[in-house]
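Below you'll find the structure, written out as structure tokens, and then a few comments.
Numbers for residues simply follow the sequence, beginning at 1.
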Amino acid sequence: MSRTWPVLVLRAKTVDDSEELVSGVLADFSPVAIQDLAERPLPPGGLWDPTFPPIPDPPPTPLHWNICFNDPDERDLAAAAIHAALPDLAIEHVDLPDEDWAARSQRSLVAVRAGRFIIAPPWDLPADDVDATVIVIEPSMGFGTGHHATTRMCLRLLSEIDVSDLTVLDLGTGSGVLSMAAALSGARSVIGLDVDQDAINSAESSARLNTLPDTITFKVGDFRTDPPPPADVVLANLTGGMLIAAARAIVSLVRPGGQLVLSGFDQSEVTGVLHAFEAFVERLRLVKDHWVAVLLLPRI
Ligand code: SAH
């Protein structure tokens with residue numbers, strides 16, 4: 001049986017700033033796909049034609065989006081938040097049965113830059129001479145597209161670290177994007193660990209899209225019960241609750257003098273997270289909407 005996707009259909013009556021406002025609200029949620037249904041001239045192969053570049057300046061049209069979520073509760077929370085921010089926007093809740101729908105609409109994703117990295121879907125590869133490290137990832141419904149604010153902030157913080165010849169651990173690797181970034185930056189060894197076998201499968205298939213050094217390994221495992229060897233740089237884009245509860249385990253995975261990149265928590269959790277990691281000092285904090293990412297160095 002094919003699953004259904006919990007979807008919000010949003011429509012504005014006039015051309016206005018809804019698109020920007022809705023995008024701002026959605027930064028607090030994790031929609032798996034956004035399908036832009038506003039009537040615009042289509043490229044020859046249709047809206048999701050991967051071989052055709054996006055139309056540079058589409059004529060303005062009122063917002064008409066399908067936003068697809070993994071989880072109906074999250075869809076409903078997002079609907080309430082969007083309604084609070086934009087009371088005039090028409091919002092409809094539907095369940096779309098077509099399993100390919102989300103995958104197809106993800107084709108509208110384009111390459112994004114984060115620090116010295118560009119995360120690119122296979123259909124939007126930057127030119128060869130681009131001045132950045134390109135990580136190709138096949139956007140996956142469950143494990144991220146690399147576009148999430150926390151992922152991008154982790155990449156920006158990773159850009160601040162010279163990982164050459166260092167060992168790196170990526171706790172909760174998901175689609176593997178942070179591990180691949182570290183490996184492509186010259187780390188001596190990188191282990192991407194995830195408790196979820198499907199995440200590791202998705203990381204391995206993304207890895208096949210890149211020319212990676214053989215320094216990278218993906219493994220299924222829970223770092224709390226099945227700890228990998230400690231590393232010089234530990235990346236943990238988890239949740240505030242998990243970071244606080246597992247702080248001791250995470251700290252034990254950082255080699256003496258090592259650095260930590262933490263994200264996945266919001267501004268209300270910063271104090272709790274920093275307190276749990278008080279053996280470290282904060283070197284840099286990035287905030288995007290409500291999300292926070294920090295780079296921590298050992299306290300000396
Ligand atoms: N690092 C990726 C994905 C972050 S999502 C990125 O930055 O985009 C968090 C991931 O952590 C999920 O894939 C989840 O399965 C994994 N995870 C959660 N708890 C874990 C644990 N205790 N051990 C290993 N992986 C865990």
Side-chain angles (χ1 to χ4, degrees), residues 20-32 69-71 74 77-78 80-82 84-85 112-119 135 143-161 163 168-179 181-182 185 192-195 199 223-224 231-251 253-254 258-299:
E20 208 174 303
L21 293 170
V22 171
S23 302
V25 174
L26 286 176
D28 287 340
F29 299 90
S30 306
V32 291
F69 295 84
N70 257 325
D71 173 64
E74 198 191 2
L77 287 172
I82 292 168
V112 290
R113 185 183 265 270
R116 61 182 146 84
F117 302 102
I118 290 178
I119 314 156
I135 307 158
F143 303 101
T145 59
H147 287 63
H148 197 268
T150 59
T151 309
R152 292 170 70 174
M153 289 193 292
C154 287
L155 289 172
R156 269 187 230 130
L157 292 179
L158 189 57
S159 302
E160 298 290 318
I161 306 174
V163 294
V168 178
L169 263 179
D170 175 15
L171 305 177
T173 192
S175 56
V177 58
L178 302 182
S179 292
S185 304
L193 197 68
D194 206 290
V195 72
F223 67 86
R224 297 166 300 180
D232 302 308
V233 177
V234 174
L235 313 169
N237 185 7
L238 296 161
T239 61
M242 166 82 76
L243 289 171
I244 292 170
R248 192 188 283 259
I250 295 171
V251 169
L253 296 175
V254 187
Q259 309 179 47
L260 259 171
V261 171
L262 305 178
S263 192
F265 53 100
D266 65 26
Q267 278 180 305
S268 69
E269 297 169 303
V270 172
T271 313
V273 170
L274 291 180
H275 180 68
F277 289 86
E278 64 189 356
F280 291 79
V281 284
E282 187 180 355
R283 219 285 273 129
L284 192 56
R285 180 185 306 188
L286 300 180
V287 179
K288 172 95 176 99
D289 307 313
H290 302 294
W291 295 105
V292 180
V294 289
L295 170 59
L296 303 183
L297 303 184
R299 201 178 278 284

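A distance of 13.0 Å separates NZ of Lys288 from OG1 of Thr151, quoted to the nearest 0.5 Å. Rounding to the nearest 0.5 Å gives a distance of 12.0 Å between OG of Ser175 and NE2 of His148. Taking CZ of Phe117 as the start and CG of Leu178 as the end, the distance is 9.0 Å to the nearest 0.5 Å. Summarising the geometry, atom NE2 belonging to His290 is positioned 7.5 Å from atom CD belonging to Gln267; distances are rounded to the nearest 0.5 Å.
Considering only residues two or more places apart in sequence or on other chains, Thr271 meets the side chain to side chain donor-acceptor pair (under 3.5 Å) condition with none of them. Annotation: side chain to side chain donor-acceptor pair (under 3.5 Å) contacts of Glu74 (sequence neighbours excluded): none.
Between the side chain of Asp194 and the main chain of Gly174, a donor-acceptor pair closer than 3.5 Å is present. Using modelled atom types, no side-chain atom of Arg113 and backbone atom of Ile119 make a donor-acceptor pair closer than 3.5 Å. Between the side chain of Asp170 and the backbone N or O of Ser179 there is at least one donor-acceptor pair closer than 3.5 Å.
Side-chain atoms of Ser263 and Trp291, non-hydrogen and from C-beta on, never get closer than 4.5 Å to each other. Looking at heavy atoms from C-beta onward, Asp232 lies out of side-chain contact with Val168 at the 4.5 angstrom threshold. With contacts defined as side-chain heavy-atom distances shorter than 4.5 Å, the pair Leu295/Gln259 qualifies. Proximity of Leu235 to Asn237: side-chain heavy atoms (C-beta onward) are nowhere separated by under 4.5 Å. Inter-residue side-chain proximity for Leu296 and Leu262 is flagged as met; some heavy-atom pair is nearer than 4.5 Å. By the 4.5 Å heavy-atom criterion applied to side chains, Leu169 and Leu193 are not counted as neighbours. In this structure the side chain of Val261 reaches within 4.5 angstrom of the side chain of Ile161, judged on heavy atoms. The shortest distance between side-chain heavy atoms of Leu286 and Val292 does not fall below 4.5 Å.
Smallest separation of non-hydrogen atoms from Arg152 and Ala114: O-CB, 3.6 Å. The minimum heavy-atom distance linking Ser185 with Val163 is given by the pair CB-CG2, 3.5 Å. The nearest pair of heavy atoms linking Leu284 to Glu160 is CD2-CG, 3.7 Å. Shortest non-hydrogen contact noted between Ala85 and Val25 is CB-CG2, 3.7 Å. Between Ile244 and Ala276, the closest heavy-atom pair is CA-CB, 4.1 Å. In this structure, Ala181 and Leu155 approach most closely via the heavy-atom pair CB-CD2, 3.5 Å.
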Side chain to side chain contact (heavy atoms under 4.5 Å, CB included) assessment of Arg285 paired with Val270
CA-CA 10 Å; Arg285 180 185 306 188; Val270 172; 3.6 Å; yes
Taking it one step at a time, do Arg299 and Glu278 satisfy salt bridge (Lys or Arg N to Asp or Glu O under 4.0 Å)?
CA-CA 8 Å; Arg299 201 178 278 284; Glu278 64 189 356; over 6 Å; no
Give the C-alpha distance, both sets of side-chain angles, the deciding distance and a yes or no for side chain to side chain contact (heavy atoms under 4.5 Å, CB included) between Leu253 and Leu171.
CA-CA 10 Å; Leu253 296 175; Leu171 305 177; 4.0 Å; yes
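Listed by first then second residue, pairs satisfying ring-ring contact (aromatic ring centres under 6.0 Å, His included) with a partner in residues 263-288 number zero, not counting sequence neighbours.
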